[in-house]
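Accompanying notes for the structure given below.
None of these values were measured; they are calculated from a predicted model. Position 1 is the first residue of the sequence, and the numbers go up from there.
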Amino acid sequence: MALGSFQLFFGQVQNAPEEVKLRVLQVIFDLLIMYDEEFFSRSDDVAQKITGYLIQTLESDDSASIQAILCVGLSKLMLAGILKDPKVLTSLVLTYVSPNTSTNQELIQCLSYFFPVYCYSSPANQARMQSIFVSAFDLFMRIRENLDEDQEMITPLQFGLLLVDWTNPQKLAEMFKTELQSQASHVKVAADILEALYDSERSGCHLSLLNQSPFNDASTQKAFDKFCNKFTKMYEKETECIDPGKYLDEEFLKLYQFIGVEPPEESSTSPPLHLLKYEGRRSPKEREHNIERLQ
């Protein structure tokens, strides 16, 4: 009966006046929350259709009120763990920074509350945000490149810092701060960015901030060397006992292979940072020499 009622309301939304559409959407979200198992657990096809419809409506409707009620409804479904689709999270992130919603105070207020609560309340939620980091950044850059002359948008750095903040494991609720999870999300974010740096298929795409190697010019290399030297002095004792061989699980071996760097042996010790030199972007055959130890 719930599914039949949903289909009835679903059909009414398409061409209804805004006031009617608002009422119908409220009823739809009430049904989804009340009968979540019937809508999202029994059939993947039904769940995908519902999710797709809600995302499509959010991204296509110009009404500030409709956008706000959709964000509120989707946020509730995500916080309750009813919706776990990364596409919903990506859509909400891009809606939050879109120039088309910059004056929608109800929407901004909702999402400003939602993202920290969602990401810091659960390691699984934070991992989901981490999983969309690069793809969301890619879409953000495409939107930014196609802005009208009278439109403004936050910078790529500001957008990246938002994502970094939401994936910060140190901001997780106290009950989830275990040693095992203490750095997991940011380590994976770093690995995702590193893979993007070396992804030759991205050479013509809009992910320009991540796609350009930061070590292609002398001034940047000098700044990086300065950072390495300072870091080494500050954490000399802490890094002396680090053995990178202890962290060579399947995931890290895959990363080493992807960027073309020979992994350390299991019994090796970590070289000081100031002895590492980045040689710039190379072809796959040349990448094995892109990091070398200086004597």
Can I get a per-line list of side-chain donor-acceptor pairs under 3.5 Å for residues 75-91, giving both atom names and the distance, sequence neighbours left out?
residue, atom, partner, partner atom, Å
S75, OG, C71, O, 2.6
D85, OD1, K87, N, 2.9
T90, OG1, P86, O, 3.0
S91, OG, E59, OE2, 3.2

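No side-chain donor-acceptor contact under 3.5 Å links Q67 and D61. When only modelled atom types and interatomic distance are considered, N100 and Q151 share a side-chain donor-acceptor pair under 3.5 Å. No hydrogens or angles considered: nothing links the side chains of D30 and Y35 as a donor-acceptor pair under 3.5 Å.
Between Q130 and Q126 the shortest side-chain heavy-atom distance does not fall below 4.5 Å. Residues E38 and V46 are not in side-chain contact: their nearest non-hydrogen atoms beyond the backbone lie 4.5 Å or more apart. Between C119 and N125 there is no side-chain heavy-atom pair separated by less than 4.5 Å.
The line from CG of L25 to CD of E18 is 10.5 Å long, rounded to the nearest 0.5 Å. Interatomic distance, CG of L107 versus CD1 of I69, reported as 12.0 Å (0.5 Å rounding). To the nearest 0.5 Å, atom CD1 of residue I28 and atom NZ of residue K21 are 10.5 Å apart. Of the inter-residue distances, the one linking T57 atom OG1 with I66 atom CD1 reads 9.0 Å to the nearest 0.5 angstrom. Rounding to the nearest 0.5 Å places CZ of F133 at 8.5 Å from CG of D192. Separation of atoms CG (D165) and CE (M129) is listed at 10.0 Å; rounding is to 0.5 Å.
In this structure, R144 places its CZ atom where more than 12 heavy-atom neighbours from other residues, nucleotides or ligands lie under 6.0 Å away. Shown here is Q26, whose CD atom has more than 12 heavy atoms of other residues, nucleotides or ligands within 6.0 Å. By the 6.0 Å contact criterion, CG on D148 is enclosed, its count of non-hydrogen atoms from other residues, nucleotides or ligands being greater than 12.
Heavy atoms only, all atoms of each residue included: L94 and F159 are closest at CD2-CZ, 4.4 Å. Nearest heavy-atom pair, T155 versus Q158, reported as atom, atom and distance to 0.1 Å: N-OE1, 2.9 Å. Nearest heavy atoms, F137 versus P156: CE1-O, 3.5 Å. Shown here for Y96 and I108, the closest heavy-atom pair between the two residues is O-CD1, 3.7 Å.
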Quick one: do L58 and L54 satisfy side chain to side chain contact (heavy atoms under 4.5 Å, CB included)? Show the steps, please. CA-CA 6 Å; L58 174 61; L54 294 174; over 6 Å; no
Could you check F114 against L74 for side chain to side chain contact (heavy atoms under 4.5 Å, CB included), going step by step and ending with a plain yes or no? CA-CA 10 Å; F114 164 73; L74 288 170; over 6 Å; no
Take L111 and T101 through the side chain to side chain contact (heavy atoms under 4.5 Å, CB included) test and state the conclusion after the steps. CA-CA 11 Å; L111 294 180; T101 61; over 6 Å; no
Hey, mind stepping through F29 and V72 against side chain to side chain contact (heavy atoms under 4.5 Å, CB included) and telling me if it holds? CA-CA 9 Å; F29 280 115; V72 170; over 6 Å; no
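Ion pairing between D45 and K49 holds under the 4.0 Å rule for side-chain N and carboxylate O.
Counting only distance, with no hydrogens or angles, the side chain of S98 and the backbone of T95 share no donor-acceptor pair below 3.5 Å. The closest donor-acceptor contact from the side chain of N168 to the backbone of V164 lies at 3.5 Å or more, if one exists at all. Side chain of S102 to backbone of P99: a donor-acceptor contact under 3.5 angstrom is found.
A parallel orientation is assigned to the rings of F115 and W166, their planes being inclined by less than 30° (bins at 30° and 60°).
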